[in-house]
Amino acid sequence: MTTPATVLGKVFLIFYGLFGCAGTILFFNLFLERIISLLAFVMKACHERRLRRNGLLPPTVRRGSSISDVDSLVGWKPSVYHVMLILGIFAITLSCCASAMYTPVEEWNYIDSLYYCFVTFSTIGFGDLVSSQNAVYKYQGLYRFGNFMFILLGVCCIYSLFNVISIVIKQVLNWILKKLRCRCCNKCHKSNPRLGRRNAITPGARFRRNKFSMETEGNYDSDTEGRRLSGEMISMRDLTASNKVSLAILQKQLSETANGYPRTVCINTRQNGFSGGVGALAIMNNRLAETSDSR
C-alpha cells in the first residue's frame, strides 16, 4: 500500500490527481462513446438483416448504397434497455473470468473474488481485499498484466453500465412524475367542474361574462387583457401573434423530418469531435431511442 510520506510528495499528489482524475474521466467517456457507437452499429445491422429476412426491405439495398441513405433505417436507434442488457452480460462475464483468476492465485473463495471484482470495478475500494500483495507469485509478470487488463476493462464496462442504468432511472422517474401529475390534474378538474376551456360556451355563461366584464372593465389598461380575463374570445390578431412561435417550430420540425435528421447537429458534431458534449449523458443523448424525446 504505497502512500506519499513527505510534504513535497503530498503536494505533488494533489496537483497530479487533479489532471490524472480529469484525464481518467475523459478516457471513460471516450470509451463509453465508442462502445455505444459499436453496439448501435451491430444492433442496427442485426435489425436490418431481420427486416430483410421478413421481406420488409428489398434485398437489393446494400448498406453502402445511396438508396440505404434514404431508407427509414437512417433514424433507427437502439433501445437503452437492450444496451443495458448487453453491458450487464459483458460485465458479469468479465467478473466471472477475473474471479476464476483470483481464486487460485490469491487463495480466495469464488464469492469473495466476485465481491472483490464488483468493489474494484465500481471504484468503491473498501480495501478489505487487495490483489497483488504477496511478495512472490507464480508467473508474477503474467498475473500482474492480467490483473491490470481485468481491472481496466472492468472499470470501463461498469462505468458504461452505470451511465446506462442512470438513463433507465431517469425514465422511471419521469414516468412516476407523469402519473402523479395526471392524478393531480384529474383531482383539480373534479374539484372545479366549472373550469373548462377559456372560450367554451356554457348555459348562462353569456350573462355571467357580461356582468363580470362590466365590473372589471375599468380595472385593466389593456383591452386584450380584459377580454381574456373576462372569458371572451380573443381577436384574430392576438391569436396569430401567439401562434407565430408555434408555427416556426412546426416548420422546423417538418423540415427536419423531410431531411431525415437535423443537419445543424451533425455539422457541430463533426467540427467538435464529440457527440454534443463530453459528459456521459451528453454522449448518450440522441444515440439511444429513449433519450431522443426526453433529454
Legend entry - Centroid separation Tyr143 to Tyr139 less than 6.0 Å: no
Legend entry - Tyr110 to Ser99 - nearest heavy-atom pair and separation: CE1-CB, 3.6 Å
Inset, instruction - Flag the pair Leu39 / Val42 as yes when at least one side-chain heavy-atom distance between them is below 4.5 Å, and no otherwise. - result: no
Legend entry - Crowding at CD, Gln133 (>12 non-hydrogen neighbours, <6.0 Å): yes
Inset, instruction - Evaluate the side-chain proximity of Thr120 to Phe150: yes if any heavy-atom separation is below 4.5 Å, no if none is. - result: no
Inset, instruction - State the CD1-CG distance between Ile158 and Leu153, to the nearest 0.5 angstrom. - result: 11.5 Å
Legend entry - Phe28 and Tyr159 aromatic ring geometry - parallel, tilted or perpendicular at 30°/60° bounds: tilted
Inset, instruction - State the CD1-NZ distance between Ile36 and Lys77, to the nearest 0.5 angstrom. - result: 13.0 Å
Legend entry - Side chains of Phe118 and Ile124 in contact at under 4.5 Å (non-hydrogen atoms): yes
Legend entry - Same apolar cluster: Leu26 and Leu18, side chain cutoff 4.5 Å: no
Inset, instruction - Determine the minimum heavy-atom distance between Phe31 and Cys157, stating which atoms define it. - result: CE2-N, 4.2 Å
Legend entry - Side chain to side chain, Arg50 and Asn54, heavy atoms closer than 4.5 Å: yes
Inset, instruction - Just do the salt bridge (charged side-chain N to carboxylate O under 4.0 Å, His left out) check on Arg52 and Glu48 with the steps written out, would you? - result: CA-CA 6 Å; Arg52 288 177 179 175; Glu48 184 179 355; 2.6 Å; yes
Inset, instruction - Check whether any side-chain heavy atom of Phe162 lies under 4.5 Å from a side-chain heavy atom of Ser122, and answer yes or no. - result: yes
Inset, instruction - List the atom of Ala100, the atom of Pro104, and the distance in Å for their closest heavy-atom pair. - result: O-CD, 3.0 Å
Inset, instruction - Determine whether the side chains of Ser132 and Asn147 contain a donor N or O and an acceptor N or O closer than 3.5 Å. - result: yes
Inset, instruction - Carefully, step by step, assess Leu30 and Glu33 under the rule side-chain contact (heavy atoms from CB on, under 4.5 Å). - result: CA-CA 5 Å; Leu30 293 177; Glu33 184 178 14; 4.0 Å; yes
Inset, instruction - Starting at OG of Ser37, measure out to CG of Leu32 and round the result to the nearest 0.5 Å. - result: 9.0 Å
Inset, instruction - Please name the pair of heavy atoms, one in Val155 and one in Thr123, separated by the smallest distance, quoted to 0.1 Å. - result: CG1-CG2, 4.1 Å
Inset, instruction - Taking the side chain as every heavy atom from C-beta outward, state whether Val83 and Met43 have any pair of such atoms under 4.5 Å apart. - result: yes
Legend entry - CG-CD1 distance between Leu161 and Ile89, expressed to the nearest 0.5 angstrom: 11.0 Å
Legend entry - hydrophobic_cluster_shared for Ile111 and Met101, side chain cutoff 4.5 Å: no
Legend entry - Results of ring pair (Phe, Tyr, Trp, His ring centres under 6.0 Å) for Tyr116 - residues two or more places apart only: Tyr102, Trp108
Inset, instruction - Evaluate whether atom OH of Tyr16 has more than 12 neighbouring non-hydrogen atoms of other residues, nucleotides or ligands under 6.0 angstrom away. - result: no
Inset, instruction - Would you kindly confirm whether Ile35 and Val168 end up in one hydrophobic cluster when ILVMFWY residues are joined by side chain heavy atoms under 4.5 Å apart? - result: yes
Legend entry - Same apolar cluster: Val164 and Leu85, side chain cutoff 4.5 Å: no
Legend entry - Enclosure of Leu8 CG (heavy-atom neighbours >12, cutoff 6.0 Å): no
Legend entry - Side-chain touch Gln171/Tyr81, heavy atoms, less than 4.5 angstrom: yes
Legend entry - Residues Tyr137 and Glu106: side-chain donor-acceptor under 3.5 angstrom: yes
Inset, instruction - Indicate yes or no: at least one non-hydrogen side-chain atom of Ile92 is less than 4.5 angstrom from one of Cys96. - result: yes
Legend entry - Pairwise distance SG(Cys46) to NE2(His82) - rounded to 0.5 angstrom: 12.0 Å
Inset, instruction - Could you state whether Ile25 and Ile14 fall into the same hydrophobic cluster, counting links through intermediate Ile, Leu, Val, Met, Phe, Trp or Tyr residues with side-chain heavy atoms under 4.5 angstrom apart? - result: no
Inset, instruction - For Gln140 and Lys138, indicate whether the former's side chain and the latter's backbone hold a donor-acceptor pair under 3.5 Å. - result: no
Legend entry - Spatial distance of atom CG (Leu87) from atom CD1 (Ile165) [nearest 0.5 Å]: 9.0 Å
Legend entry - Any donor-acceptor N/O pair, Ser95 side chain to Cys117 backbone, under 3.5 Å: no
